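Beneath this line is the structure, given in structure tokens, with notes to follow.
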Protein chains: 2
Amino acid sequence: MRSLDENLISHIPPFRKLERVDIREILDAATPKRFSAGQAIFEEHEPAERFFLLLDGHVRVIRTTASGDQVIARHIVSGELMGIASAIGRTTYPASAVAIDDCLVLFWPTSLWKTFVEKYDGFATETYKTVGERISEANNHILELATQQVEQRVARALLRLAIQSSRITDEGMEIDFPLTRQNISEMTGTTLYTVSRLLSAWEKQGIVNSGRKKVIVTEMNKLKTLADLDPMADS
Amino acid sequence: MRSLDENLISHIPPFRKLERVDIREILDAATPKRFSAGQAIFEEHEPAERFFLLLDGHVRVIRTTASGDQVIARHIVSGELMGIASAIGRTTYPASAVAIDDCLVLFWPTSLWKTFVEKYDGFATETYKTVGERISEANNHILELATQQVEQRVARALLRLAIQSSRITDEGMEIDFPLTRQNISEMTGTTLYTVSRLLSAWEKQGIVNSGRKKVIVTEMNKLKTLADLDPMADS
DNA sequence: GGGGAAGTTTGTGCTAGAACAACCTATTCG
DNA sequence: CGAATAGGTTGTTCTAGCACAAACTTCCCC
């Protein structure tokens, strides 16, 4: 097997501060793997035997309730770590990860986590920062669900996706992975019908431009207004 | 000033595995402080200059939206660490902490965090486990807000409080700190009116027994049924 | 190229729960 | 002690958004 190119990961935050030899070691311990669209990378409740780095593609992190409802916790884009349950003293994955499109990942056995943290300077700090950011995100999500209207929540979700993972076209910012009304509803705690109505309305107002599994934000500013809009603002 | 007794913290998870000398060192570096009911221990957005250990009392962790709504993120009971933003690479507190009743806390300057993690074996593991638990809690909260009815959410919130922080009386499990309808609504993303109606209904069914700033769960099992109840179960 | 399947739109109820208002009761403190 | 205040209850109204149904569109693949 060919060995992996060092440039693959040298620019990614947790590894950025490392020496070339360290990166070499880390890559030599990694296993690369491809997942095709729709495949599960790991499943909720499964023992967390590996942690992953997404090199290419998009991944959805999903939780399912006892009654079968799904909630999309977050989206992972290339360059992000995932399945780092071990970092926070968990022995099982807290959610499932599913490849949205074709993905390329590297993974390591969880047993190496401790080594990475101890041996590679900056790795711990950077990954704990990631953990911190995810906590913040989760807390913001709670705040939104508890206090905002559906319209604002959907606006914010799209805004975040446009910023996090879109390509710029002549129409606007196109979210660069397939995204259905159903998916959006699972991110925002609403129904696919309501999302469809919102998108239709926004389309008429020229804020978005959407199609089958596709959303293009044409007017970021208008969407921002919707997202920030205080529900009481017109009183 | 009298030095603090080692038994104060020797049984608390992050310190449990430590030697007496280490505990001595840690205590000598700690500052004890009392807060009276209603006082803020730290505020959201403030630079995270200290981390705290709650020795006695109850603390509410609160986030506030731009539009002024409050959400109660969690309750801290004695023996828990709080303000550990530094653990996760944050420089400001992500939420405010308010003393519910009279509290006794120890605190250390954030600069010592790194020392604690490096020097005291088991401290890092235990605190990261705590962080992990809080992430799980947050994610569960999201799942609940996104998929469950208000009644279930309130039932679960009370159940959790009863388990986490109650004293057993002859009437049942009494939540051992003052808790208003408003507080409950801020934990569950609803209104104080709806909570009041639910509690009234439950009182009639003999599930709870509540009064001003007071809730006693008399029938845990019935409350559990309400909490687990699938909204579709009767179809 | 035609028949699914998957995704989307839109119409029509309908209801959980928010909003507001009014009143009541316990506590606190000058 | 008595007024002020904080907390609680309950009635009424109203609407955001869910539920369900039905038809339409796009894509895929045999």
Side-chain angles (χ1 to χ4, degrees), chain A residues 36-38 67-71 100-101 144-155 157 175 177-204 208-216 226 229-235, chain B residues 36-38 67-71 98 100-101 144-155 157-158 175 177-204 208-216 226 229-235:
Chain A
S36 49
S67 40
D69 312 75
Q70 279 199 350
V71 167
I100 300 178
D101 39 25
E144 286 182 20
L145 285 167
T147 65
Q148 306 197 305
Q149 305 287 98
V150 169
E151 183 170 34
Q152 288 179 70
R153 302 206 303 264
V154 173
I175 291 167
F177 56 86
L179 182 71
T180 67
R181 312 294 185 254
Q182 174 83 45
N183 294 151
I184 299 175
S185 74
E186 285 168 357
M187 297 177 65
T188 51
T190 179
T191 61
L192 80 97
Y193 307 106
T194 301
V195 172
S196 174
R197 283 180 228 270
L198 284 171
L199 288 183
S200 297
W202 293 346
E203 188 121 26
K204 279 185 195 122
V208 302
N209 204 325
S210 72
R212 189 190 168 88
K213 292 191 181 188
K214 189 183 72 169
V215 180
I216 306 171
L226 285 174
L229 200 62
D230 186 299
M232 307 278 91
D234 56 341
S235 66
Chain B
S36 49
S67 41
D69 313 76
Q70 280 200 350
V71 167
V98 176
I100 300 178
D101 38 25
E144 286 182 20
L145 285 167
T147 65
Q148 306 198 306
Q149 305 286 101
V150 170
E151 183 171 36
Q152 288 178 71
R153 302 206 303 264
V154 174
L158 289 185
I175 291 167
F177 57 86
L179 182 72
T180 68
R181 311 294 184 255
Q182 174 83 46
N183 295 150
I184 298 175
S185 74
E186 285 167 356
M187 298 177 64
T188 51
T190 180
T191 61
L192 80 96
Y193 308 105
T194 301
V195 172
S196 175
R197 282 180 229 271
L198 284 171
L199 288 183
S200 297
W202 293 346
E203 187 120 27
K204 280 186 195 122
V208 302
N209 205 324
S210 73
R212 189 188 168 87
K213 292 190 181 189
K214 189 182 72 168
V215 179
I216 307 171
L226 286 174
L229 200 63
D230 186 301
M232 307 278 89
D234 57 341
S235 65

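Just the heavy atoms: all of them, side chains too, but no hydrogens, waters or symmetry mates, feed the values below. Below, chains carry the letters A, B, ... as their sequence lines are ordered, and counting in each starts from 1. Everything quoted here is computed from the prediction, not taken from an experiment.
If you take NZ of A:Lys213 and C1' of D:dT26, they are 11 Å apart, rounded to a whole angstrom. Distance NZ (B:Lys214) to P (D:dT9): 12 Å, rounded to an integer number of Å. The CD1-P distance, from B:Ile184 to C:dG17, rounds to 16 Å in whole Å. Rounded to an integer number of Å, the gap from A:Leu192 CG to D:dC20 P is 12 Å. B:Leu179 has its CG atom 8 Å from the P atom of D:dG8, to the nearest Å. Put simply, CD on A:Glu203 is 8 Å from P on C:dT9, counting in whole angstrom units. With rounding to whole Å, B:Asn183 atom CG is found 8 Å from D:dG7 atom P. Atom CD in A:Gln182 sits about 13 Å away from atom P in C:dA6, given to the nearest Å.
Looking at heavy-atom distances under 4.0 Å, B:Leu199 makes no contact with the nucleic acid at all.
OP1 and OP2 of D:dT10 both lie 4.0 Å or more from every side-chain N or O belonging to B:Ser196. Between C:dG7 and A:Arg181, no contact under 4.0 Å exists linking OP1 or OP2 to a side-chain N or O. One finds a side-chain N or O of B:Thr190 lying less than 4.0 angstrom from the OP1 or OP2 phosphate oxygen of C:dA18. For the OP1/OP2 pair of D:dT10 and a distance below 4.0 Å, the side-chain nitrogens and oxygens of B:Ser200 include at least one atom meeting the criterion. The side chain of B:Thr194 contributes an N or O atom lying less than 4.0 Å from OP1 or OP2 of C:dA18. Within the structure, a side-chain polar atom (N or O) of A:Thr191 is placed less than 4.0 Å from OP1 or OP2 of D:dC18.
For B:Arg153 (side chain) and B:Thr188 (main-chain N/O), a donor-acceptor pair under 3.5 Å exists by modelled atom type.
Nearest-nucleotide positions on DNA chain C for A:Gly211 and A:Arg197 put A:Gly211 closer to the 5' end.
Residues satisfying the side-chain hydrogen bond (donor to acceptor under 3.5 Å, both in side chains) test with A:Asp69, not counting sequence neighbours, are A:Thr65, A:Ser67.
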Given B:Thr180 and B:Lys213, is the side-chain contact (heavy atoms from CB on, under 4.5 Å) satisfied, shown in steps? CA-CA 5 Å; B:Thr180 68; B:Lys213 292 190 181 189; 3.8 Å; yes

Verdict with supporting geometry, A:Glu203 and A:Asn209, side-chain contact (heavy atoms from CB on, under 4.5 Å): CA-CA 6 Å; A:Glu203 188 121 26; A:Asn209 204 325; 3.2 Å; yes

Give the C-alpha distance, both sets of side-chain angles, the deciding distance and a yes or no for side-chain contact (heavy atoms from CB on, under 4.5 Å) between A:Leu199 and A:Ile184. CA-CA 11 Å; A:Leu199 288 183; A:Ile184 299 175; 4.3 Å; yes

Determine whether B:Leu158 and B:Ile175 satisfy the following criterion, side-chain contact (heavy atoms from CB on, under 4.5 Å), listing intermediate values before the conclusion. CA-CA 8 Å; B:Leu158 289 185; B:Ile175 291 167; 4.1 Å; yes

Summarise protein proximity over nucleotides 22-30 of chain C in one line of letters, 5' to 3': B for base, S for sugar-phosphate only, - for none, counting protein heavy atoms closer than 4.0 Å. ----BS---

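Looking at heavy atoms from C-beta onward, B:Trp202 lies in side-chain contact with B:Val154 at the 4.5 angstrom threshold.
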